[in-house]
Peer 1: 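Handing you a structure now.
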Amino acid sequence: MNFPIIAPSVLSADFANLGRDVEMINNSQADWFHVDVMDGVFVPNISFGFPVIKSIQNLAKKPLDVHLMIVQPERYIKEFKAVGAEILSVHYEACTHLHRTLHAIKEEGMKAGIAINPHTPISLLKDVIRDTDLVCMMSVNPGFGGQKFIEQTYQKCKELRHMIDESGSSCLIEIDGGVNAQTAPLLLAAGAHVLVAGNYVFGSKNPSETIASLKNLQANTTTVA
Ligand code: DX5
Ligand code: ZN
């Protein structure tokens, strides 16, 4: 894999011109589509559901990385597979039987991710780190694009990278929220593999160039202390 992996967040796209924005991502140096699903219960916002994701899949030439900010995500695993999810992340805080849910996602042939809120300590992941393909570490409180980055994330990222390297797991660290030219290099130095960016990409004059500027940052693929 060619790190860093860049995953523009479709949440910040122009939904009246979604096809155009999907094509922009197809033609850019982005690696994945980050697709945020919100139910108005787990987070105080509602985004979009299956028909919109299916429309994205019909045009997308890159994997869909679907981030579920919903309660009881285990109820919809097959449905998200059917609309094209290749990576499916569920929130630690939304799963009573997280281990079972991760394996149910894998049984459907998807990569399984765990998303964690800013208040959730890394230490809670110890017993599932070998069962997960990706940890989506929230660097804002989930629910909205364009929020301020929480600085504590750098330390948590180092801690998580240490846990992954120690465990021998090949789990990737994805950072979601407030990624921009200032935060991205520091996140890569702290051991992040995947950068999600919404507002920074779609709020810029030239989204494709902004994606390239993130992609061309130096990834730190060695162990961090
Ligand atoms: C927040 C979402 C993010 C969001 C990131 O709840 O999970 O993926 O789109 O947006 P920015 O990059 O604007 O902070
Ligand atoms: Zn997200």
Side-chain angles (χ1 to χ4, degrees), residues 4-15 18 21-22 24-25 28 30-49 52-53 56 60 62-71 73 76 80 85-94 110-120 132-154 156-157 172-188 192-205 207-208 210-211 213-215 217:
I5 291 172
I6 307 301
S9 171
V10 177
L11 187 66
S12 293
D14 176 355
F15 290 104
L18 191 53
D21 286 353
V22 169
M24 182 281 292
I25 295 174
S28 75
D31 300 278
W32 298 346
F33 286 80
H34 187 78
V35 177
D36 288 308
V37 179
M38 304 179 184
D39 66 355
V41 179
F42 182 71
V43 287
N45 195 9
I46 297 175
S47 58
F48 46 74
V52 173
I53 302 173
I56 295 171
K62 299 175 179 181
L64 303 192
D65 164 39
V66 178
H67 175 195
L68 298 185
M69 286 161 273
I70 66 173
V71 297
Y76 299 106
F80 282 105
E86 289 193 32
I87 304 136
L88 191 64
S89 296
V90 295
H91 263 267
Y92 179 90
E93 303 83 5
M110 296 178 282
K111 301 272 186 208
I114 305 172
I116 56 167
N117 280 338
H119 73 268
T120 300
T132 185
D133 298 300
L134 174 139
V135 173
C136 174
M137 191 187 291
M138 294 307 302
S139 36
V140 297
N141 286 295
F144 304 92
Q147 300 183 83
K148 192 175 174 311
F149 182 86
I150 297 171
E151 300 283 319
Q152 171 70 4
T153 309
Y154 299 123
K156 284 180 78 173
C157 187
L172 298 177
I173 303 176
E174 174 176 68
I175 308 290
D176 189 4
V179 169
N180 59 32
Q182 282 74 49
T183 56
L186 298 171
L187 289 165
L188 296 179
H193 305 96
V194 185
L195 301 176
V196 173
N199 194 54
Y200 181 56
V201 167
F202 287 99
S204 69
K205 278 209 181 86
S208 182
T210 304
I211 290 167
S213 71
L214 290 173
K215 184 70 188 172
L217 289 170

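For ligands, and for the atoms within them, numbers begin at 1 and follow the listed sequence. Every heavy atom of this structure was used, including side-chain atoms; hydrogens, water molecules and symmetry mates were not.
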Peer 1: Below 3.5 angstrom, do we get any N/O pair linking S9 and ligand 1?
Peer 2: yes

Peer 1: Any N or O on G177 sitting closer than 3.5 Å to an N or O of ligand 1?
Peer 2: no

Peer 1: Any idea which protein heavy atom is nearest atom 5 (C) of ligand 1, and the distance to it?
Peer 2: D176 OD1, 3.5 Å

Peer 1: What atoms of ligand 1 come within less than 4.0 Å of a heavy atom belonging to G143?
Peer 2: 1 (C), 6 (O)

Peer 1: Contact between V196 and W32 at the side-chain level, heavy atoms closer than 4.5 Å - yes or no?
Peer 2: no

Peer 1: I need the atoms of ligand 1 closer than 4.0 Å to a non-hydrogen atom of D36, numbered in the order shown.
Peer 2: 2 (C), 3 (C), 4 (C), 7 (O), 8 (O), 9 (O)

Peer 1: For the Zn ion (ligand 2), give me the closest N/O/S atom belonging to D36, just the atom name.
Peer 2: OD1

Peer 1: Scan side-chain atoms only and decide if H67 and D65 contain a donor-acceptor pair under the 3.5 Å cut-off.
Peer 2: no

Peer 1: For the CG atom of L172 and the OG1 atom of T132, what is their distance to the nearest 0.5 Å?
Peer 2: 9.5 Å

Peer 1: Regarding T153 and S139, is there a side-chain donor-to-acceptor distance under 3.5 Å anywhere?
Peer 2: no

Peer 1: Identify the two heavy atoms, one from N117 and one from E93, that lie closest to each other, and give their separation to 0.1 Å.
Peer 2: N-OE2, 2.7 Å

Peer 1: Test your reading of the structure: does G178 have an N or O sitting under 3.5 Å from an N or O of ligand 1?
Peer 2: yes

Peer 1: Just wondering, do V201 and I25 contact through their side chains at under 4.5 Å, heavy atoms?
Peer 2: no

Peer 1: Is there any N or O on L11 that sits under 3.5 Å from an N or O of ligand 1?
Peer 2: no

Peer 1: Would you mind running through ligand 1 and noting each atom that sits below 4.0 Å from a heavy atom of M38?
Peer 2: 6 (O)

Peer 1: I need the atoms of ligand 1 closer than 4.0 Å to a non-hydrogen atom of G145, numbered in the order shown.
Peer 2: 10 (O), 13 (O)

Peer 1: Give the atom numbers and elements of ligand 1 that come within less than 4.0 Å of a heavy atom of H67.
Peer 2: 7 (O)

Peer 1: The Zn ion (ligand 2) as vertex, arms to OD2 of D176 and ND1 of H67: angle to 10°?
Peer 2: 90°

Peer 1: Of all the atoms in ligand 1, which lie at a distance below 4.0 Å from a heavy atom belonging to P142?
Peer 2: 6 (O)

Peer 1: Using non-hydrogen atoms of the residue, decide whether F144 is closer than 4.0 angstrom to ligand 1.
Peer 2: yes

Peer 1: N/O/S atom of H34 under 2.8 Å from the Zn ion (ligand 2), yes or no?
Peer 2: yes

Peer 1: Show the nearest heavy-atom pair for residues P73 and A94, with the distance to one decimal.
Peer 2: CD-O, 3.7 Å

Peer 1: Mark yes when over 12 heavy atoms from residues, nucleotides or ligands other than Y76 sit less than 6.0 Å from its OH; otherwise mark no.
Peer 2: no

Peer 1: For residues S12 and Y200, determine if any side-chain heavy atom of one lies less than 4.5 Å from a side-chain heavy atom of the other.
Peer 2: no

Peer 1: Could you say whether the N/O atoms of S12 and ligand 1 ever approach to under 3.5 Å?
Peer 2: no

Peer 1: Could you tell me, atom by atom, which parts of ligand 1 come under 4.0 Å of a heavy atom of N199?
Peer 2: 11 (P), 12 (O), 13 (O)

Peer 1: May I ask you to list the atoms of ligand 1 that are less than 4.0 angstrom from any heavy atom of G198?
Peer 2: 11 (P), 12 (O), 13 (O)

Peer 1: Taking side chain as C-beta onward, heavy atoms only, is D21 less than 4.5 Å from V10?
Peer 2: no

Peer 1: Assess whether atom NZ of K62 is packed by more than 12 heavy atoms of other residues, nucleotides or ligands within 6.0 Å.
Peer 2: yes

